[in-house]
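Every number for a ligand or one of its atoms is a count from 1 in the order of the listing.
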Amino acid sequence: MHLLFVGIVLALSSLVSSLDNGLVRTPPMGWMTWERYRCDIDCEDDPENCIGEDLIKRIADKMVDSGWRDLGYVYISIDDCWTLKARDSSGRLQPDPKRFPSGIKALADYVHARGLKLGIYADLGNYTCGGYPGTTLDNIKIDAETFAKWEVDMLKFDGCYSNSSEKAIGYPKMSAALNATGRPILYSCSWPAYEGGLPPKVNYSLLGEICNMWRNYDDIQDSWESVLNIIEWFAENQDNLQPAAGPGRWNDPDMLIVGDFGLSYEQSKSQLAIWAILAAPLIMSNDLMTISEDSKELLQNRLMIYINQDPLGKQGKRIAKVGCLEVWLRELADEQYAVAVLNTGTDGLPKRFTTSLAELSITKCTFGYKLYNVFDKEYLGTFKPETAFQLPVNPSGVVMLFVRPAALAYHPL
Ligand SMILES: *[C@@H]1O[C@H](CO)[C@@H](O)[C@H](O)[C@H]1NC(C)=O
Ligand SMILES: *[C@@H]1O[C@H](CO)[C@@H](O)[C@H](O)[C@H]1NC(C)=O
Ligand SMILES: *[C@@H]1O[C@H](CO)[C@@H](O)[C@H](O)[C@H]1NC(C)=O
Ligand SMILES: *[C@@H]1O[C@H](CO)[C@@H](O)[C@H](O)[C@H]1NC(C)=O
C-alpha cells in the first residue's frame, strides 16, 4: 500500500516536472515592447515610441508610480531590434549605442533598483525576425553568458531563420546554457509556435522540462478578431494544451493588448477574463504613459489578478459552447473556482444566460458558495449549488465570476 502510494506520487510528480530554476511558480506578469512598439528604431523623429533605454526607463518609472509593480507586474522586456546589425569583435551581441547609450547592464541596474526585472530578446537562427543578428547554435553559449553578465532576468528566444532540426537542438541547448550561467533566467520559448503548436510535432513534456513558458500560436495583433482567433485556437486544442501548464511552465497566448487601439471596453474585459482562466502570463504591451483610466482599472483588477495567480496553477478550459455563448471554468486552490461566460456574438442585445453552480459541476460545498462579479466588483450573495441564476452578457463581452466556498470568510476584493 505504502509503496504503491509512493509510486503514484512519483508518477504524478514526473508528469508535471518543470524547469528547475525556481522561477514563475505562478504566471509571470509584466510588460513587453513588441505588440505596441514593434521595431521602431527611429529615435530622432519618433522619440516617444522608439525602442531604447529611454522608453524602458519611462515605463519602469510608471510601473512603480502607478501601482503596477505592487500588483505583480514586475517583468519589463525588450523585444526585437535592440542590437546593432553586427556582433562585436569578440562575437557578442551589442546594443545599438545610439538607443542604449548606457548599455544593458546599466539598464538592468536601473530596473532592479525599482524592484523590477529586465527581460531581453534573442532569436535561434541566422537572423532575428526583424533582421538583426541571430543566435546560431554556435552562439548559444556566448549569448547566455552575455545576458547573465548583464544581469538580465528573462529571455524570450524566438525562432525565425532556423529549421526544425536546429530548433530541436537549439532550444534545449539554450536552456542548459542559461542554467550553466548560475543565474536564474526566465526562459520563454517560441519553439512550439513555429511547429504548429500541437503534438506530435510539439512535445509538451519536453517543453515543460526546458522552458518556463512558450508561445503556442500566432502573434497577437491589435484587434478583437485576433483575440477571438487565439481564444478559439486555445479552446479547440485545450486537451493537448491544458495538461502542459503548471507551476513553472506556462502556455502563452501572447501579450495583453488592453489599453491599445483595437479593443472596446467589453472586449478588453474578455481578453483579461480568458487569459486569467488560461493561467496565461499577463504581459502587457501598451503605452503606460497615456493609458486610459478604464483600461488601467481593468488591468489592475485585483480579483482578476488573484484568479490568474492562483497557486494551484491549473489551466482552465472551455466547458460549453452554445451558439455564441461560451462557458469557461478554472479550478482554483481551496475549492474556489473562476467562471467566465463569453458572448462572441455581434447581436447588440445582451444575452441572458441562466445557469446554476451544479450545472457548472461546482457541487462539493453543500452549504453553498459566495459569488463575486469580478469586473463589476460586486458581491452577488451566497448560492446553493442547485440555485439558478441569470447573467446578462454583453456583445463581445464577458461576465466573470469568482466562486468561493461560503465557509471561507475572507474575500480578496
Ligand atoms: C540548474 O539546474 C539544476 C538541476 O536541475 C538546478 O538544481 C539549478 O537550480 C539550476 N540552476 C539555475 C540557475 O537555473
Ligand atoms: C542559415 O545560414 C546557413 C549558412 O549560410 C544556410 O545554409 C541556412 O540555410 C540558413 N538557414 C535558414 C533557415 O535560413
Ligand atoms: C537544417 O539546417 C542544418 C544546418 O544549416 C542542415 O544541416 C540540415 O540539413 C537542415 N535540416 C533540414 C530538415 O532542412
Ligand atoms: C517527449 O519528451 C519527454 C521528456 O523529455 C520524453 O520522455 C518523451 O519520450 C518524448 N515523447 C516523444 C513522443 O518523443
If you take the centroid of each ring, where Trp contributes its six-membered ring, are Y127 and Y161 closer together than 6.0 Å?
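When the ring centroids of Y161 and Y127 are compared, they turn out to be within the sub-6.0 Å range.
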Q. Does any N or O atom in N203 lie less than 3.5 angstrom from one in ligand 4, N or O only?
A.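 Checking ligand 4 against N203, an N or O pair does fall under 3.5 Å apart.
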Where ligand 4 meets E209 - atom numbers and elements under 4.0 angstrom, heavy-atom basis: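 The atoms of ligand 4 under 4.0 Å from a heavy atom of E209 are 4 (C), 5 (O).
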Shortest protein heavy-atom distance from [atom], along with the residue and atom involved:
atom                    : answer
atom 11 (N) of ligand 3 : N163 ND2, 2.8 Å
atom 13 (C) of ligand 3 : S165 OG, 3.7 Å
atom 12 (C) of ligand 2 : N126 ND2, 3.5 Å

For [atom], is the nearest protein heavy atom closer than 4.0 Å?
atom                   : value
atom 2 (O) of ligand 2 : yes
atom 9 (O) of ligand 3 : no
atom 5 (O) of ligand 2 : no

- Query: Does S164 reach ligand 3, in the sense of a heavy atom lying below 4.0 Å from it?
  - Reply: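 The answer is no, since S164 has no heavy atom less than 4.0 Å from ligand 3.
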Please determine if [X] forms a cation-pi arrangement with [Y], meaning its NZ or CZ atom is less than 6.0 Å from the six-membered ring centre and no more than 45° off the ring axis.
X    : Y    : value
K57  : Y110 : yes
K85  : Y132 : yes
R69  : Y73  : no
K167 : Y194 : yes

To the nearest 0.5 Å, atom CG of N212 lies from atom CH2 of W250 at 10.5 Å
**Considering all heavy atoms, the nearest L241-Q315 contact** =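 In terms of heavy atoms, the two residues are closest at O-OE1, 4.1 Å.
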